[in-house]
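In this text the structure is predicted, and so the values were computed from the model without any measurement. In what follows, chains are A, B, ... by sequence order, proteins preceding strands, each numbered from 1.
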There are 2 protein chains.
Amino acid sequence: MKLKITMLGSGNVATHLSLALINAGHKIIQIYSRNIENAKVLAQKCDAIPIDDIPLLKNNSDLYIIAISDNAIADLVSKVDFNNKKVVHTAGSVSFNIFPKSITNSGVFYPFQTFSKKRELQFLDIPICIEANNADFEKFLINLANQLSDKVLKINSEQRKYLHLSGVFACNFVNHLYHIAGNLLSENNMDAELLIPLIRETSAKMKQLSPFEAQTGPAVRNDKESINKHLDLLSSSPEYQQIYKLISDDVYNTHNFIT
Amino acid sequence: MKLKITMLGSGNVATHLSLALINAGHKIIQIYSRNIENAKVLAQKCDAIPIDDIPLLKNNSDLYIIAISDNAIADLVSKVDFNNKKVVHTAGSVSFNIFPKSITNSGVFYPFQTFSKKRELQFLDIPICIEANNADFEKFLINLANQLSDKVLKINSEQRKYLHLSGVFACNFVNHLYHIAGNLLSENNMDAELLIPLIRETSAKMKQLSPFEAQTGPAVRNDKESINKHLDLLSSSPEYQQIYKLISDDVYNTHNFIT
């Protein structure tokens, strides 16, 4: 069934999700953003109406998707009458309880991925995590998610907090380590591109080996000589030195408490 | 020209490099390891002779490749007469100066990658970093490396130290962050496999965006509310809490000093 959907938000998640929904045969009727220019950019891609004013929201949408920054969701929810509508948010760190109980159908539709406007994404293998306030709406959301992705699962708000946190480690912090590694190269007249095969192989290993099995490097071997040499090389970057020390200690403790 | 090569070592690097050399048409004549069983395993794959005793090393090899653990290289070099031979080591953290000046042709042949015996690798895109004590031997090594990889470059010992260190950040530490992320999931009854699309996309971004441009998450947005919630969730893991705090601070400082 072709749904009429309202997208509240025009950022990375709103953009990727809107396009995936259109690909699955649905219609985005309105795009809301506090900034009309942002709404227009996405609305043009979706053949939708851009709006920046809540009273302009149409009442007849089959689903309202809130895909704005986590901190702004509570405020938006308080301003829109969702009582007899179907509404979800897409945020990892926001509890389902942000919706008042008066809403007939409320839920969460959380695609667990890092989104950048500049990169196209295949939705098919992105886990979509569903939560809903009733069984029928849960089925509705699971059915919709199954049209976008092969990996749909029920995740409650408590779990979703930890899922989001795990993503900070596996994505945001990993990306920062890439930044540090690239800096160490460019400061020594080498190209950060040199890292690409290593980075690709490190992430690809995860499919075949657990990170525990895949761990290599001086810390897991307790090679103190190499560790001390590295700490010396980092003496002009106390922050990098601290990060090196802390993670090396945790690698060592993780592998030597257990093995 | 088909070379006769002696491989000193039978670990991950020795294994992958031997197979790549054979694929390129060369012959591994002997595999040396202190542990004859390890030597036999690799020798069988290479149709080579396994040995565990230095006096058994043949003198007529075109190239001797030392691919043993970094800390054991100095000892091996002191025990073998390489004076009129061609010899390289494959270690990231070991200076070229570990070879005595009396050796006619000494060098480094460092493939910048993480190797696990359980995973097959395409050598073609692995950067091979070359250093040599004379121009002719440098040419010889570059020619050989070009037969294995599309990315061959000259890197001196000082640079190689930082290259190796960058690999610790981009691979060993990244892998440990995957471990932490997987732990947070399994402790909350979720499957670590959920991370795979996120991990793959985070590493794939690096080809298109610099890590600086690609950074997302609470720390770069200075979203203190989310950061404090996450620190609360980690209250039973002081080590994870410390790592979270330190990297978040460094992400924030990196992006807010510069932008």
Legend entry - Closest non-hydrogen atom pair, A:Tyr178 against B:Ala170: CE2-O, 4.0 Å
Inset, instruction - Under the side-chain contact (heavy atoms from CB on, under 4.5 Å) rule, what do A:Asn175 and B:Lys205 come out as? Steps first, then yes or no, please. - result: CA-CA 9 Å; A:Asn175 185 70; B:Lys205 272 188 182 178; 5.7 Å; no
Inset, instruction - Walk me through it: do B:Thr216 and A:Asn172 pass the test side chain to side chain donor-acceptor pair (under 3.5 Å)? - result: CA-CA 6 Å; B:Thr216 57; A:Asn172 305 153; 3.1 Å; yes
Inset, instruction - Below 4.5 Å from any heavy atom of chain A, which atoms of B:Glu213 appear? Answer side chain, backbone, both or neither. - result: side chain
Inset, instruction - Check each atom of B:Asn189 against the heavy atoms of chain A and say whether the ones under 4.5 Å are side chain, backbone, both or neither. - result: both
Inset, instruction - Considering only heavy atoms and a distance below 4.5 Å, find which of B:Ser116, B:Ser93, B:Gly92 pairs most often with chain A. - result: B:Ser116
Inset, instruction - Evaluate the ring planes of B:Tyr244 and A:Phe173, with Trp represented by its six-membered ring, and classify them as parallel (under 30°), tilted (30 to 60°) or perpendicular (over 60°). - result: perpendicular
Inset, instruction - Dump the intermediate steps for side-chain contact (heavy atoms from CB on, under 4.5 Å) on B:Tyr162 and A:Met190, then the final yes or no. - result: CA-CA 9 Å; B:Tyr162 284 95; A:Met190 291 174 282; 4.2 Å; yes
Legend entry - Top contributor to chain A contacts, counting heavy-atom pairs under 4.5 Å, from B:Ala214, B:Ala192, B:Ser210, B:Ser226: B:Ala214
Legend entry - Interface moiety of B:Ser69 toward chain A, non-hydrogen atoms closer than 4.5 Å: neither
Inset, instruction - Can you tell which part of B:Ala219 gets under 4.5 Å to a heavy atom of chain A, answering side chain, backbone, both or neither? - result: neither
Legend entry - chain A contact via B:Ile180 - which portion, at a heavy-atom distance below 4.5 Å: side chain
Inset, instruction - Considering only NZ, NE, NH1 and NH2 on the basic side and carboxylate oxygens on the acidic side, decide whether A:Lys207 and B:Glu193 come within less than 4.0 Å. - result: no
Inset, instruction - Using non-hydrogen atoms and a 4.5 Å limit, figure out which bit of B:Asn71 sits close to chain A: side chain, backbone, both or neither. - result: side chain
Inset, instruction - Flag the one option from A:Leu233, A:Ile196, A:Asn183 with the top tally of heavy-atom pairs under 4.5 Å to chain B. - result: A:Leu233
Legend entry - Ring geometry between A:His164 and B:His230 (parallel below 30°, tilted from 30 to 60°, perpendicular above 60°): tilted
Inset, instruction - Output the option from B:Val94, B:Leu185, B:Val220 having the highest count of non-hydrogen pairs under 4.5 Å with chain A. - result: B:Leu185
Legend entry - Most chain A-contacting option - heavy-atom pairs closer than 4.5 Å, from B:Asp249, B:Leu195, B:Leu153: B:Leu195
Legend entry - Sidechain-backbone polar pair: B:Gln208 side chain, A:Arg119 backbone, donor-acceptor under 3.5 Å: no
Legend entry - Residue part contacting chain A, namely of B:Val168, when any heavy atom lies under 4.5 Å: side chain
Inset, instruction - With a 4.5 angstrom heavy-atom cut-off, could you sort out which part of B:Leu165 is near chain A: side chain, backbone, both or neither? - result: both
Legend entry - A:Gln159 side chain vs B:Asn188 backbone, donor-acceptor pair below 3.5 Å: yes
Legend entry - Option in A:Ile126, A:Ile247, A:Ile155 with maximal non-hydrogen atom pairs under 4.5 Å from chain B: A:Ile247
Legend entry - Part of B:Glu225 within contact of chain A (heavy atom distance under 4.5 Å): side chain
Inset, instruction - Just give me the residue among B:Leu246, B:Leu234, B:Asp70 that pairs up with chain A most often, heavy atom to heavy atom, under 4.5 Å. - result: B:Leu246
Legend entry - Which of B:Glu239, B:Arg200, B:Glu158 touches chain A most, by non-hydrogen pairs under 4.5 Å: B:Arg200
Inset, instruction - Heavy-atom distances under 4.5 Å only: say whether B:Lys161 touches chain A with side chain, backbone, both or neither. - result: both
Inset, instruction - Nearest 0.5 Å please: distance from the CZ atom of A:Phe112 over to the CD atom of B:Glu201. - result: 12.5 Å
